[in-house]
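Just below is one structure, and these are the notes that go with it.
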Amino acid sequence: MTSLAQKLSTIVGAAFEALDLPHELGAVRVSDRPDLAQFQCNGAMAAAKLARKNPREVAQGVVDVLEDPLFISDNLSSLFYPILHNAKSGQKNANQAITMQAALFKTLEIAGPGFINFNVTDDFIAGHLSVVSGDDRLGIPQSANGETVVLDYGGMNVAKAMHVGHLRSLAIGDCLKRMMRVAGYDALGDIHMGDWGLQMGQIISAFEIAHPGWPYFDPGFEGDYPADAPFSYDELEEIYPRAAQGCKDDPERLDAARKATMELQDGRRGYLALWQHFIDLSLTDIKANIARLGVDFEIWNGEACVNYLIPEITADLAARGVTEDSEGAVVIPVVRPEDKKEMPPLLFKKSDGAATYGTTDVATIYDRIKTYPKIAKMIYETDLRQNLHFEQVFCAAEKAGYVDGIELKHIGHGTVNGPDGKPFKTREGKAMKFSDMVTAVMAKAEERLAEANLDETIGIEERGEIARMVAVATLKFTELSNQAHMDYIFDIDRMTQFEGKTGPYLLYQAVRIKSLLRKAEAQGFEAGETPHFVIGDEDRSLALLLTELPDHFEAAMKHYTPHVLCEYAYTLAQGFSSFYGNCHILSEENAGVRASRLALCALTYRQLEFVLNVLGIDIPERM
RNA sequence: GCACCCGUAGCUCAAUUGGAUAGAGUACUCGACUACGAAUCGAGCGGUUGGAGGUUCGAAUCCUCCCGGGUGCACCA
């Protein structure tokens, strides 16, 4: 099963092959001139360039092959089972072949410098949609077979409040994970918390200054440390920026922080106990935040999780001759032979022996390979500014020979700016907290729900849940519909308009279909399991849209670009809304047409639900 | 200094990776709720794709130079 355009590509590709031209040049796609045709193939022009021929002549040659009645029946009839199943196999004759050819193409013509334009018959569209309707995967092929993919996103820091920027990594990473699963991978999200660097030493030593009497700081203490932290998460979150600033201003405090970091990494008991409080408190906060967003992780590792592996890896890297000493530190030179530009070496260990994020990132790759024997990809979703770092880490892992046959991919997102185009700040000049942002959007959604004439049977609880779903749809859809690598303008007022190209629009259309289908059922109308589609002028554009899903999914997979799916979801929702406004569905008197239109609605709903699900957006029953 | 990213309609963004007449949303102006939910639909307005060259049947996309904005270059992550 594939898209309709891919089916056509198979036919046209075979036609190119019949002329000794590359099969791929027969690629057919939805036309970008719908006034001229439904589908187009541009390969004749590329082929003409290769063969140094006139493009229109090449195109004519392809069209001649396609118009040969025997061509399709001889080569490709198996592809068209649904519309051709009336033809008895093994009984091909010229008449029947003509029938098959005519059953596919309504028009077939050459335009401009050598475009081949196609219109297909309504029966062909109908047959295709019947098959799609009967397919659990809606025509999307499975491209993987249970290989493991680890996605590293979120990257929240311990003791540091989540801010608006985390929405980017969370939404994109989670969506990529869902895409990978649909494709057939065993995809695992790793939060990979920032819990092991100098910041930890900074906080520890700040506490040591403030509370020197705590048992965590007594080297001779041998008892049990308190199970609960003697400070709250809010206090922790507040102490961090002060500690960081303190180290900036005072070299002695910085030294103390460095020393504390190293001792923590060395396993000093009291520090570890204190550090565990940081983790516990931070996790509680993080889990509450991501639960509201509907995002989750399978792997709750942090940088610290590979600490025990560092001696082993350090030795291994040295044995492989990958590391070098440099100014007392251990580094990995990472210039690839083919690279022209200079690249600074990866700092693997600081001169005082402490680990950096270079250390833990390389160690994590090593660890994942051992933990997941079927690993095929590691995908990192972080701020774009870490680009160089990941290039270095990936190159180091390659040089060490850890990642043969494994794809390492960094997907960077741009900075979050305010409406003024500068890095986002609240009116008070502070970074907006993630939780405040979600709360604000939810409040707007509640407000909007209060204005709407909602069904009185919707209770306060359901209304709250609907508001949450609308808020999540808003946040994720605005986030995901931008390309990741672009800087991002965060404008909460614009975001909460809930009109036009927004998450709530998609929910609204989906809810409308759901409501319609409920009514249909109540009236005893059914589309049936393998619906028979009747495509008329009012149905055609929606029907054609419904043939496209696999193409968009494939494009999003290939380039790791969720915004392609957002675009399709919106186009489909809009196509439905237009269809809905233009024709009778329940009130259609012709039973066959009515059943077909209901089946179009049902299929639209399934596709919308599917895409929204991949985007991480849930649909309410009503709104 | 070296490297990377960005510049498209007033604003926010697309453009199937080199295809035809550069598309959406928003804002603005009209029009449509006694057929199924108006958070909707239809129509109009809006462009020298930052600029200049080049490559070719064809460029927002590729190459060169320039302008403007942002970012990164080992002991923070």
Side-chain angles (χ1 to χ4, degrees), chain A residues 5 27 29-33 35-36 40 42 45-46 48-49 54-56 111-115 117 155 157 194 196-199 202 244 247 258 303 326-329 331 341-352 354 356-358 360-361 382-389 391-392 412 414-415 417 419 421-423 448-449 451-453 455 470 478 481-483 485-487 489 491 494 497-502 504-505 507-509 511-512 515-516 519-520 523 548 551-552 554-555 558-559 563-564 566-567 570-571 574 577-578 580-588 601 622-623:
Chain A
R29 59 186 224 202
V30 171
S31 175
D32 47 27
R33 287 291 304 275
D35 53 320
L36 297 182
Q40 67 183 55
N42 304 336
M45 292 174 290
K49 197 175 255 182
N54 179 326
R56 285 191 70 104
F115 296 100
N117 285 338
N157 287 316
W196 207 233
L198 181 66
Q199 340 80 293
Q202 289 174 329
C247 289
R258 286 213 174 106
E303 295 162 338
S326 170
E327 299 170 34
V331 302
K341 62 184 176 189
E342 48 187 302
M343 239 215 277
L346 177 74
L347 177 69
F348 186 72
K349 252 186 197 184
K350 301 202 284 193
S351 47
D352 65 5
T356 73
Y357 73 145
T360 57
D361 279 341
T382 74
D383 193 302
L384 199 58
R385 284 175 286 197
Q386 295 193 35
N387 215 320
L388 176 61
H389 167 71
E391 254 187 87
Q392 292 175 301
T415 23
N417 293 330
K422 292 185 206 146
R448 183 67 188 79
L449 280 172
E451 288 165 15
N453 289 326
D455 195 327
V470 168
T478 43
S481 45
N482 290 318
Q483 300 189 70
H485 69 272
M486 302 271 277
D487 283 348
I489 297 218
D491 184 341
R494 184 194 295 272
Q497 288 300 303
F498 305 142
E499 268 139 35
K501 198 171 182 175
T502 62
Y505 173 88
L507 295 187
Y508 177 71
Q509 299 306 343
V511 164
R512 255 198 334 186
S515 156
L516 183 72
K519 284 202 171 121
Q523 293 176 31
E548 293 181 22
D551 293 330
H552 300 290
E554 194 186 353
K558 188 171 173 190
H559 305 291
H563 80 275
V564 171
C566 292
E567 203 71 31
Y570 180 71
T571 308
Q574 208 179 31
S577 195
S578 196
Y580 181 87
N582 278 337
C583 56
H584 296 254
I585 301 170
L586 293 177
S587 49
E588 170 60 44
C601 293
R622 41 193 186 174
M623 64 186 276

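Below, read A as the first sequence line, B as the second, and so on, with proteins coming before strands; counting in each chain starts at 1.
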Revision key, fill the gap. Checking B:A14, B:A77, B:G42 against the side chain of A:His563 (C-beta onward), the nearest is B:A14
Study note, to complete from the structure: Against the side chain of A:Met486, the closest entry in B:C57, B:C6, B:G42 is B:C6
Revision key, fill the gap. 5'-most contact on RNA chain B (nearest-nucleotide basis), A:Asn157 vs A:Pro504, goes to A:Pro504
Exercise for review: Could you work out which one of B:A77, B:C13, B:A24 sits closest to the side chain of A:Ile489?
Suggested key: B:C13
Review point. Taking the side chain of A:His485 as its heavy atoms from C-beta onward, which of B:G25, B:C5, B:G19 lies nearest to it?
Key: B:C5
Review point. Which nucleotide in the set B:A74, B:C41, B:C76 lies at the smallest distance from any side-chain heavy atom of A:Leu198?
Key: B:C76
Revision key, fill the gap. Per atom distances to the A:Tyr580 side chain, the nearest of B:C36, B:G19, B:A77 is B:C36
Check your understanding: Taking only N and O in the side chain of A:Lys558, is any of them less than 4.0 Å away from OP1 or OP2 of B:U16?
Key -> no
Exercise for review: Could you check whether A:Asn117 gets within reach of a base, just the sugar-phosphate, or nothing at all, counting any heavy atom under 4.0 Å?
Suggested key: base
Practice item. Side chain of A:Leu388 only, please: which of B:G72, B:A20, B:C13 is the nearest? Key: B:G72
Study note, to complete from the structure: Winner on side-chain proximity to A:Leu347, out of B:A74, B:A35, B:U40, is B:A74
Review point. Any idea which of B:A14, B:G25, B:G19 is nearest the A:Gln483 side chain?
Key: B:A14
Check your understanding: Quick one: which of B:U17, B:C76, B:G25 gets closest to the side chain of A:Arg258?
Key -> B:C76
Exercise for review: Please confirm whether any donor atom in the side chain of A:His552 sits under 3.5 Å from an acceptor in the base of B:U16, or the reverse.
Suggested key: no
Check your understanding: Any N or O donor-acceptor pair linking the side chain of A:Ser351 to the base of B:C75 at under 3.5 Å?
Key -> yes
Check your understanding: Taking atom types as modelled, is there a side-chain donor on A:Arg512 or A:Ser577 under 3.5 Å from an acceptor on the other?
Key -> yes
Exercise for review: Check whether any side-chain heavy atom of A:Ser351 lies under 4.5 Å from a side-chain heavy atom of A:Glu327, and answer yes or no.
Suggested key: no
Check your understanding: When the nearest nucleotide of RNA chain B is assigned to A:Arg33 and to A:Val331 on a heavy-atom basis, which residue is associated with the more 5' position?
Key -> A:Arg33
Point to revise | Ring-base stacking, A:Phe115 with B:A20 (5.5 Å, 30° cut-offs) | key: yes
